[in-house]
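Computed over heavy atoms, backbone and side chain alike; hydrogens, waters and symmetry mates excluded. Being a predicted model, the structure only gives us computed values, none of them experimental.
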Amino acid sequence: MNILVSACLLGCKCRYDGDHNWVEAVSELERNHRLIPICPEELGGLPTPRTPAEIQQGRVVDKSGADVTDEFQKGAVLALELARKWACQLAILKERSPSCGVHQIYDGTFSKKLVAGHGMTAKLLLENGILVIGESQVGELPAIMERLQKTTQS
C-alpha cells in the first residue's frame, strides 16, 4: 500500500524550526509499504526554518502576523495531487500542525492551547476520501488497514 506521510515523521528536517519529528514506528512501515513523504508547508513555497504559524478564524497566520494562508492552501493542493498520483488511501500526518494536524490543532493564540480541528492539508485530504491519521495512531494501523480493505472491496 502507498501511504502519504508527513516528511518530518520520517526524519526530514522540514519542521518550522528546521528540525524533524522522527517516529520509529512510522519509519518502520517502509518495510511493507511505499511511503510518500510530503511537507505541505515546503510544497507551498515556505522556507525552512520559518516563523511558526497557527490557524486563526480560517486563515493561517504566522507569529509575526503575516498571512500565509495561500502557501498553506497551495501545499495542501499539491499534497492531494501526490496522494492521487500514488493512489494513497491513507495519510499519516503530524498531529497539531496547522497543515497536517489531525483531530486537534493549536488555537491560534500561540499559547500551546489545543482545540478540535484539522490542519489545512488534513482537511483537504479527508474531504477527498483519504483516511488521515496522526502519528500517535500508528499502533492502530492493522485495524485501520483492515477497515480500508473492506471499504475498497464494497
Task: Side chains of E95 and Q104 in contact at under 4.5 Å (non-hydrogen atoms) - done: no
Donor-acceptor pairs are to be reported for all side-chain atoms of residues 73-82 against protein atoms at under 3.5 Å, with residues two or more places apart or in another chain.
none

Open item on the list: Treating E71 as the side-chain partner and G45 as the backbone partner, does any N or O pair qualify as donor plus acceptor under 3.5 Å?
Closed with: no
Open item on the list: Rounded to the nearest 0.5 Å, what separates atom CD1 in I3 from atom CG in L29?
Closed with: 5.5 Å
Task: Which atom of V60 lies closest to which atom of D67, heavy atoms considered - done: O-OD1, 3.4 Å
TODO: Give the minimum heavy-atom separation between G11 and W22, together with the two atoms involved.
DONE: N-CD1, 3.6 Å
Open item on the list: I need the single residue from C100, S97, C14 that forms a side chain to side chain contact (heavy atoms under 4.5 Å, CB included) with E41. Which is it?
Closed with: S97
- [ ] Provide the closest heavy-atom pair for R50 versus T48 in the form atom of the first, atom of the second, distance.
- [x] NH1-OG1, 2.7 Å
Open item on the list: Tell me whether D19 contacts the main-chain N or O of R15 through its side chain, where contact means a donor paired with an acceptor under 3.5 Å.
Closed with: no
TODO: Quick one: closest heavy-atom pair of C8 and H20, and the distance?
DONE: O-CB, 3.7 Å
Task: Sequence-distant partners of W86, side-chain hydrogen bond (donor to acceptor under 3.5 Å, both in side chains), two or more places apart - done: none
- [ ] With the side chain counted from C-beta on, respond yes when P37 and V5 share a heavy-atom pair under 4.5 Å apart, and no when they do not.
- [x] no
Can I get a per-line list of side-chain donor-acceptor pairs under 3.5 Å for residues 110-121, giving both atom names and the distance, sequence neighbours left out?
residue, atom, partner, partner atom, Å
S111, OG, T109, OG1, 2.6
H118, ND1, H103, N, 3.1

- [ ] Mind listing the closest non-hydrogen atom pair of Q56 and G108 along with its distance?
- [x] NE2-O, 2.6 Å
Open item on the list: Taking CD in E30 as the centre, count heavy atoms belonging to other residues, nucleotides or ligands within less than 6.0 Å. Is the count above 12?
Closed with: no
Task: Closest contact, heavy atoms only, I144 versus I133 - done: CD1-CG2, 3.8 Å
- [ ] Ignoring hydrogens and angles, tell me if any N or O in the side chain of Q137 forms a donor-acceptor pair with the backbone of G134 under 3.5 Å.
- [x] yes
